[in-house]
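Small disclaimer: the values here were computed from a predicted structure and weren't measured.
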2 protein chains.
Amino acid sequence: MTSSRATLIQVAERAGVSLASTSRALHGTGASPAMVERVRAAAAELGYSPDATGRSLRMKRTFQVAFAVADIGNPVYVEMLTAIHEVLAPHGYRVVVMSTGHTVASTADLVRSLSSGFVDGLIVSPLRTDDELVTAIMQAPVPVVVIGRSLEQHGIDSVSTDSAAGLGQAVAHLLEIGRRQIGFVNGPLDTTPGAARQRGFDAATSGPAFTGEHAETERADDFTVAAGLEAGRRLLARGGLDAVVAANDLLAIGVIRAAGELGLSVPGDLAVTGMDDTEIGKVFQPSLTSVSLGSAERGRLAARLVLDRVGDGVEPARQVAVGPHLVVRESTAAAPSKEKRAR
Amino acid sequence: MTSSRATLIQVAERAGVSLASTSRALHGTGASPAMVERVRAAAAELGYSPDATGRSLRMKRTFQVAFAVADIGNPVYVEMLTAIHEVLAPHGYRVVVMSTGHTVASTADLVRSLSSGFVDGLIVSPLRTDDELVTAIMQAPVPVVVIGRSLEQHGIDSVSTDSAAGLGQAVAHLLEIGRRQIGFVNGPLDTTPGAARQRGFDAATSGPAFTGEHAETERADDFTVAAGLEAGRRLLARGGLDAVVAANDLLAIGVIRAAGELGLSVPGDLAVTGMDDTEIGKVFQPSLTSVSLGSAERGRLAARLVLDRVGDGVEPARQVAVGPHLVVRESTAAAPSKEKRAR
DNA sequence: ATGAAAGCGCTAACAG
DNA sequence: CTGTTAGCGCTTTCAT
């Protein structure tokens, strides 16, 4: 099960040539065909495989990129991870997943841990972006790309999306299908997405553009189904709503369950929208109308940004944005699902 | 953003002591308090952080463990990943996620890639276990732990579960609540879980122990919701069933959707069970009765096995098993959800 | 085109 | 307790 591996020196000896020639032959740079042939044969016989650590030490590159998130259980991050992996793998980069969620370590601590140089770059999607984190990122010894808030003013590469505008799309859609009493279940306000989404909801439900009659907000403790269920109960208990906008799909599912508890049908009595357009939302019953924030796309873009950074020298920081778009499904169907009920 | 890091030599110079003393002082092994103080101060001033690559090369340890799965999008693997991470992180190990799913690379190729030595061990949960894979694992230069089939005869550490017995539990439960016409939606038969679950279903529905009247199987192309939907349509179109056992939660959700399309209520007209006891099953409507295979527990155990291997010398291969257990929820509620319908 | 040798950053013998 | 030194496996000058 555990056998020691052949080194380049052994290949060199076997081939009867110098170490340098062996290395060159294996990389196909400036070696005669005969030499290449000879070395390749020796390498094959010994089952040689270059050692990543030795290589890294010499080249000062680890060929690894880290992806750090608060909670890898959130489907949004899984989507990002998949996308990141798809972009980086073809370039010979491995992806190391780091989670700040269940451990006590703050995201800033995690960024600081990059100083041990086990990775060539980092993609991080922080829930909260405070000064400590910004400082840690700016002092990081390797390129860092942030998925979330734009940090242009600090010279940090970032991939953002306009979730506030996305919330506006959700509200507009609900008004369009005739809903007038709109509730909003948001996550914690001290998080980047929580703050942005609240801004979006407030903007969409105030001023002349808002053709509805009533708007109110209830805050969940977290961006999870359980928290959404509790917040949904509180919000719906007050009565009088015909639609609820949730700050993400998990919260929306919680709200729908809360509605069920109270005997409210979705979308008949209550239309519900989510955000993130996750797989779970697509397959939920009723399937969830949701604002896509292009998770996979953001992951892809972030991966390309790090790739450029680790490859080239210093360029100005770049900001990329992905536009939100609404995906309408059953949870806001204009006509309450009468046929579905019929048997 | 990118600043070069201080090395041990620089710390030594700064402290005015030798390289060796510096290393020792920083590790707290055999250095005088005065020396430790001096070196620590110098290290702090320079913001020194030990280089992982140099350390790895010297110690012949990378402090990394890889986790390889077919599809990181599957919630089961995410649960395992979380558990693995929780066990390994406190021991200073990082987790590298490798996916074989969307790329063409076979699991065997992936195992062979370990030969570059970028990791101290591997946890792999393969969908199919053929001779090529077994050979690759046996020849791997680092310890490999398999989550899935027991591979004791090959001297490979493994964590398994008895999903066949789990299927038996699901069938027994359905019979108990009075169902007699049982359908089974399985995934591909040429996969390890597919084969085991088929065996379990066949055993549970044949012989005198089976008090039902009818049993039939329909195969999905994959262990996904989409495949479950299609297989569910085929199975239910034939009619006459009052219960369906699905080989995992995702397939079960697909089946429930197919039932909805045909106007069948769950659990009223059709009881449905899943397997894996995933989060998505818990929050689905109706919530899913499911056979837990202890995903998190299996991840934890696998992590402990690699940890033991990378720490110690060669021990005999160990096999660990996690027992399945049924979790009953709404999708098989004995009394069809009459109250729920009432408003 | 090939070989000799330096050195990436670190730890661990070995001497003193 | 401290310093000197070797060397992990590799790439890359620098000579030849």
Side-chain angles (χ1 to χ4, degrees), chain A residues 2-40 42-43 46-64 92 114-120 141-142, chain B residues 2-40 42-43 46-64 92 114-120 141-142:
Chain A
T2 304
S3 67
S4 62
R5 316 189 292 100
T7 79
L8 198 60
I9 294 195
Q10 291 167 21
V11 176
E13 285 170 352
R14 178 89 174 199
V17 298
S18 80
L19 181 61
S21 297
T22 310
S23 175
R24 279 187 295 245
L26 256 27
H27 286 83
T29 57
S32 67
M35 173 69 80
V36 170
E37 173 60 24
R38 223 169 140 178
V39 171
R40 285 200 122 83
L46 274 68
Y48 171 78
S49 175
D51 180 77
T53 309
R55 194 158 206 272
S56 292
L57 183 59
R58 176 63 225 238
M59 299 185 69
K60 290 181 164 297
R61 266 156 163 259
T62 61
F63 296 100
Q64 290 191 157
L114 296 180
S115 60
S116 73
F118 66 97
V119 82
D120 298 338
V142 296
Chain B
T2 303
S3 67
S4 63
R5 318 189 290 101
T7 80
L8 197 61
I9 293 194
Q10 290 167 23
V11 177
E13 283 170 354
R14 179 90 173 201
V17 297
S18 80
L19 179 62
S21 295
T22 310
S23 175
R24 280 188 294 248
L26 257 26
H27 285 82
T29 59
S32 68
M35 173 68 82
V36 171
E37 174 60 25
R38 221 169 141 178
V39 171
R40 286 199 120 83
L46 274 66
Y48 171 76
S49 177
D51 180 77
T53 308
R55 196 160 204 271
S56 293
L57 183 58
R58 178 63 227 239
M59 299 185 69
K60 289 181 164 294
R61 268 158 162 256
T62 60
F63 297 100
Q64 291 191 155
L114 297 179
S115 60
S116 73
F118 66 97
V119 82
D120 296 339
V142 296

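- Toward the 5' end of DNA chain D, the nearer of the two residues B/M35 and B/L57, judged by each one's closest nucleotide, is B/M35.
- In this structure, A/R61 CZ and B/T53 OG1 are separated by 12.5 Å, a value rounded to the nearest 0.5 Å.
- Counting to the nearest Å, the P atom of C/dG9 and the CG atom of B/L46 are 14 Å from each other.
- In this structure, B/Q10 places its CD atom 11 Å from P of C/dC8, rounding to the nearest Å.
- Side-chain atoms of A/Q64 and B/Q64, non-hydrogen and from C-beta on, do get closer than 4.5 Å to each other.
- Side-chain N/O atoms of A/R24 and base N/O atoms of C/dG3 include a donor-acceptor pair closer than 3.5 Å.
- Using a 4.5 Å cut-off on side-chain heavy atoms (C-beta onward), B/D120 and B/V142 make no contact.
- The shortest distance between side-chain heavy atoms of B/L8 and B/S23 falls below 4.5 Å.
- Rounding to whole angstrom units, CZ of residue B/R38 and P of D/dC1 are separated by 16 Å.
- When the nearest nucleotides of DNA chain D are assigned to A/I9 and B/G16 by heavy-atom distance, the more 5′-ward of the two goes with B/G16.
- The nearest whole Å value for the distance from the CZ atom in A/F63 to the P atom in D/dC10 is 14 Å.
- Contact annotation: B/K60 side-chain N/O to C/dC10 OP1/OP2 distance is not under 4.0 Å.
- Here A/S32 lies in heavy-atom contact (under 4.0 Å) with sugar-phosphate atoms only.
- In the set D/dC10, C/dC10, C/dT2, the nucleotide with an atom closest to the side chain of A/A31 is C/dT2.
- As rounded to whole Å, 12 Å separates atom P of D/dT12 from atom CG of A/L8.
- Closest to the side chain of A/R55, from the set D/dC10, D/dG3, C/dA4, is D/dC10.
- Separating the NE2 atom of B/H27 from the P atom of C/dG9 is a distance of 16 Å, rounded to the nearest angstrom.
- To the nearest angstrom, C1' of D/dC14 lies 15 Å from CG of A/L19.
- Using a 4.0 Å cut-off, some side-chain N or O of B/S21 falls inside it from OP1 or OP2 of D/dG3.
- The side-chain heavy atoms of B/D51 and B/T7, taken from C-beta on, include no pair separated by under 4.5 Å.
- Rounded to whole Å, the distance from CG on A/L26 to P on D/dG9 is 16 Å.
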